[in-house]
Amino acid sequence: MIQHNRAPANSVSADPAKTYGVAFVGSGSAKLEAVLSNAQLAEMVDTSDEWIATRTGIRQRHIAGPTDSIRSLGAEAAAIAIAQAGLNPIDIDLILLATSTPDDLFGSACQIQHELGASHAVAFDITAACSGFVFALVTAAQFIRTGAYQNVVVVGADLLSRLTDWHDRRTCVLFGDGAGALVMQRCEGSADHLLSFDLHSDGSLNDCLNAAYERESVPLTGDITVQKGRFQPVTMNGREVYRFAVKRVPEVLEKALFYAGLSTHDIDWLILHQANQRILDAAAQRLNIPAERVVSNMAKHGNTDAASIPIALDEWVQSGKIKTGDTLALSGFGAGLSWGAAILTWGK
Ligand code: ACO
């Protein structure tokens with residue numbers, strides 16, 4: 001546990017007469033050591049590096065080590081993002097954790113809060129699978145724009161290896177583990193850096209992609225029964241999800257751009273959930289965004305669920321490709337089904 005003895009720097013107080021905006025001031029991601037290559041997967045199931053690479057763009061993925069957890073990796077990513085923002089953990093008012101694989105079903109955000117020593121922050125989890133990071137970012141913005149909170153950390157962390165059926169070649173080649181984080185800060189309303197967003201859900205398509213709780217009724221006493229069971233590994237209708245993604249992702253981005261009063265020419269970087277290179281290519285083509293402005297790191301990481309957007313964002317920030325003032329278009333999509341987009345300007 002990191003110890004912080006400093007007094008809180010922020011006062012979580014808002015002037016009701018003022019309007020507030022959001023700035024994006026820091027990013028971070030956790031380093032995972034173990035790498036699982038396509039060649040290694042081909043020793044486990046009937047697949048090949050060639051099939052995986054041509055159908056998905058994925059070459060390898062990281063797998064959490066025996067002592068890694070959502071708590072440790074989420075806190076590692078958050079600590080880097082907080083330091084990059086020039087803040088201390090004690091300055092943080094709110095921690096939102098987007099995850100579908102918490103260490104504790106009651107939520108892991110509080111564990112991250114404790115690990116960081118962010119003792120002034122309220123912390124809770126948000127579950128929206130691969131859309132989770134965008135949904136959490138937009139949720140954070142609501143708390144900031146009302147003036148309620150000044151410094152917010154949004155963490156996207158998932159260990160999909162926990163929910164993967166390693167005998168199912170249709171899914172096990174896709175997923176990896178990871179954690180990324182972003183710090184959002186209150187600023188003047190006139191300087192709001194979150195230009196627009198658009199979020200959607202369609203529960204009628206839930207069967208296309210889920211990790212369902214399968215249960216049976218077990219007698220308890222008299223005529224009372226209780227449900228006993230466990231969460232099943234991820235099952236996915238890949239073709240349906242693919243069709244859904246290539247239709248909905250460009251659509252939601254076009255809508256968000258319209259709300260922002262921008263066109264695709266104004267986008268410096270398109271950062272989509274890293275599910276499949278073919279989905280990225282199809283969306284970019286439909287939006288007429290050149291490949292060199294599309295962020296892609298799935299060859300290295302695979303699909304890391306809620307972590308994929310913040311990891312990609314952080315890698316592009318750390319390498320200096322994303323610069324202060326750049327306009328970013330983010331879009332997450334996946335289980336729910338759910339999908340959403342946010343258009344923002346990077347920096348203070
Ligand atoms: N290796 C070799 N062959 C395989 C593999 C594999 N790993 N997986 C499937 N195949 C076979 C199938 O059995 C099928 O063979 P058949 O024609 O003899 O039946 C053939 O390859 C084609 O299968 P498709 O499912 O049609 O393959 P497709 O080109 O659609 O690619 C994929 C599959 C990569 C899963 C694609 O559908 C996809 O990316 N879908 C979207 C996934 C996604 O975006 N998920 C996002 C959210 S994830 C989340 O929210 C947690």
Side-chain angles (χ1 to χ4, degrees), residues 36-61 70 98-102 126-136 156-178 199-203 205-212 231-250 252 271-284 296 298-299 301-309 311-312 330-341:
L36 178 65
S37 68
N38 289 352
Q40 285 170 298
L41 276 171
E43 291 166 8
M44 295 160 50
V45 291
D46 182 13
T47 190
S48 64
D49 175 50
E50 199 266 335
W51 192 96
I52 303 169
T54 51
R55 298 282 177 133
T56 70
I58 299 165
R59 292 276 180 191
Q60 62 170 51
R61 67 288 295 141
I70 291 294
T99 189
S100 304
T101 51
I126 287 183
T127 304
C130 302
S131 308
F133 188 77
V134 171
F135 281 31
D158 264 305
L159 305 184
L160 276 181
S161 60
R162 291 176 173 176
L163 287 180
T164 298
D165 176 352
W166 293 103
H167 302 290
D168 178 7
R169 70 174 183 172
R170 290 165 304 162
T171 52
C172 77
V173 300
L174 304 174
F175 303 130
D177 297 337
L199 309 179
H200 295 271
S201 305
D202 183 354
L205 298 173
N206 186 259
D207 282 352
C208 290
L209 175 56
N210 59 33
F231 286 98
Q232 300 301 306
V234 176
T235 61
M236 178 171 71
N237 180 334
R239 283 182 201 181
E240 273 307 312
V241 176
Y242 186 89
R243 265 197 289 272
F244 147 80
V246 296
K247 179 173 189 306
R248 295 300 188 189
V249 171
V252 77
I271 311 181
L272 304 186
H273 166 51
Q274 305 283 302
N276 185 323
Q277 186 63 44
R278 289 189 296 150
I279 295 175
L280 267 60
D281 294 343
S296 173
M298 79 188 67
H301 296 284
N303 174 348
T304 56
D305 205 11
S308 87
I309 291 177
I311 293 173
L330 273 45
S331 178
F333 55 91
L337 297 181
S338 58
W339 65 105

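Only heavy atoms go into these numbers, but all of them, side chains included; no hydrogens, no water, no symmetry mates. Just so you know, ligand 1 is whichever comes first in the structure, and atom 1 is the first atom listed for that ligand.
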Problem - Donor-acceptor pair between Asn237 and Arg170 side chains, under 3.5 angstrom - result: no

Handout entry: Proximity to ligand 1 by part of Tyr242, non-hydrogen separation under 4.0 Å
Key = both

Problem - Enumerated ligand 1 atoms positioned under 4.0 Å from heavy atoms of Val173 - result: 7 (N)

Handout entry: Side chain to side chain, Thr304 and Leu160, heavy atoms closer than 4.5 Å
Key = no

Completion exercise
A student comparing Arg278, Arg170, Arg169 should find that the heavy atom closest to atom 12 (C) of ligand 1 comes from Arg169

Exercise for the section: Let me see the working for Leu41 and Arg61 under side-chain contact (heavy atoms from CB on, under 4.5 Å), right down to the final yes or no. Expected result: CA-CA 10 Å; Leu41 276 171; Arg61 67 288 295 141; 3.4 Å; yes

Practice task
Kindly assign one of parallel, tilted or perpendicular to the pair Phe244 and Trp339, based on the angle between their ring planes and the thresholds 30° and 60°.
Solution key: perpendicular

Exercise for the section: Indicate whether atom 26 (O) of ligand 1 is within a distance of less than 4.0 angstrom of some protein heavy atom. Expected result: yes

Practice task
Determine, counting only non-hydrogen atoms of the protein, whether one lies under 4.0 angstrom from atom 18 (O) of ligand 1.
Solution key: no

Practice task
Around atom 8 (N) of ligand 1, find the nearest protein heavy atom and jot down its residue, atom name and distance.
Solution key: Trp51 CH2, 3.3 Å

Problem - Side chain Asp158, main chain Ser100, donor-acceptor under 3.5 Å - result: yes

Handout entry: Heteroatom proximity flag, Ala335 to ligand 1, N/O under 3.5 Å
Key = yes

Handout entry: Any Leu272 side-chain heavy atom under 4.5 Å of Val249 side chain
Key = yes

Exercise for the section: Please examine the side chains of Thr164 and Pro233, heavy atoms only from C-beta on, and report whether any two atoms are closer than 4.5 Å. Expected result: no

Fill in the blank from the handout: CD (Glu240) and CG (Leu209) are apart, to the nearest 0.5 Å, by 11.5 Å

Practice task
Output yes when the distance from some N or O of ligand 1 to some N or O of Thr47 is under 3.5 Å, and no in every other case.
Solution key: yes

Problem - Heavy-atom protein contact below 4.0 Å for atom 41 (C) of ligand 1 - result: yes

Handout entry: Protein contact to atom 43 (C) of ligand 1 [nearest heavy atom, distance to 0.1 Å]
Key = Val241 CG1, 3.5 Å

Practice task
Check whether any N or O atom of Thr56, backbone or side chain, sits under 3.5 Å from an N or O atom of ligand 1, and answer yes or no.
Solution key: no

Completion exercise
Residue, atom and distance of the protein heavy atom nearest atom 38 (C) of ligand 1 read Asn276 ND2, 3.6 Å

Handout entry: Nearest neighbour in protein (non-hydrogen) for atom 50 (O) of ligand 1
Key = Cys130 SG, 2.6 Å

Fill in the blank from the handout: Interatomic distance, OG@Ser131 vs CG@Leu330, rounded to 0.5 Å, equals 12.0 Å

Handout entry: Leu36 and Trp166: CA distance, side-chain angles, deciding distance, side-chain contact (heavy atoms from CB on, under 4.5 Å) verdict
Key = CA-CA 12 Å; Leu36 178 65; Trp166 293 103; 3.8 Å; yes

Handout entry: Contacting atoms of ligand 1, where contact means under 4.0 angstrom from a heavy atom of Gly334
Key = 47 (C), 50 (O)

Exercise for the section: Answer yes or no for atom 14 (C) of ligand 1: protein heavy atom present at a distance under 4.0 Å? Expected result: no

Practice task
Enumerate the atoms of ligand 1 whose separation from the nearest heavy atom of Ile279 is less than 4.0 angstrom.
Solution key: 44 (O)

Problem - His301 and Ser308, any side-chain heavy atoms less than 4.5 Å apart - result: no

Fill in the blank from the handout: Checking heavy atoms under 4.0 Å, the part of Thr171 that sits near ligand 1 is neither

Exercise for the section: Answer yes if a protein heavy atom lies under 4.0 Å from atom 45 (N) of ligand 1, otherwise answer no. Expected result: yes

Problem - Contact with ligand 1 for Val45, non-hydrogen, under 4.0 angstrom - result: no

Completion exercise
The answer for which part of Ile52 has a heavy atom under 4.0 Å from ligand 1 is neither

Handout entry: Sub-4.0 Å atoms of ligand 1 with respect to non-hydrogen atoms of Arg55
Key = 22 (C), 27 (O), 28 (P), 29 (O)

Practice task
Check each of Ser131, Ser48, Gly238, Ala306 against atom 37 (O) of ligand 1 and report the one with the nearest heavy atom.
Solution key: Gly238

Handout entry: Nearest-0.5 Å distance, CD1 of residue Ile271 to OG of residue Ser296
Key = 11.5 Å

Exercise for the section: Could you pull out, from His273, Glu50, Arg239, the option with a heavy atom nearest to atom 23 (O) of ligand 1? Expected result: Arg239

Problem - Derivation of the side-chain contact (heavy atoms from CB on, under 4.5 Å) call for Arg55 and Thr47 - result: CA-CA 11 Å; Arg55 298 282 177 133; Thr47 190; over 6 Å; no

Practice task
Return yes or no for this condition: an N or O of Ala129 is under 3.5 Å from an N or O of ligand 1.
Solution key: no

Problem - Pi-cation contact, Tyr242 with Arg278 (under 6.0 Å, within 45°) - result: yes

Practice task
With heavy atoms of Leu209 as the reference, note each atom of ligand 1 found under 4.0 Å away.
Solution key: 47 (C), 48 (S), 49 (C), 50 (O)

Problem - Check against side-chain contact (heavy atoms from CB on, under 4.5 Å), Asn38 and Glu50 - result: CA-CA 9 Å; Asn38 289 352; Glu50 199 266 335; over 6 Å; no

Problem - Asn303, Val249, Asp49, Leu174: member with heavy atom nearest to atom 48 (S) of ligand 1 - result: Asn303

Handout entry: Test item: protein heavy atom less than 4.0 Å from atom 4 (C) of ligand 1
Key = yes

Exercise for the section: Taking the side chain as every heavy atom from C-beta outward, state whether Asn210 and Thr235 have any pair of such atoms under 4.5 Å apart. Expected result: yes

Practice task
Go through ligand 1 atom by atom and flag the ones less than 4.0 Å from a non-hydrogen atom of Asp46.
Solution key: 1 (N), 2 (C)

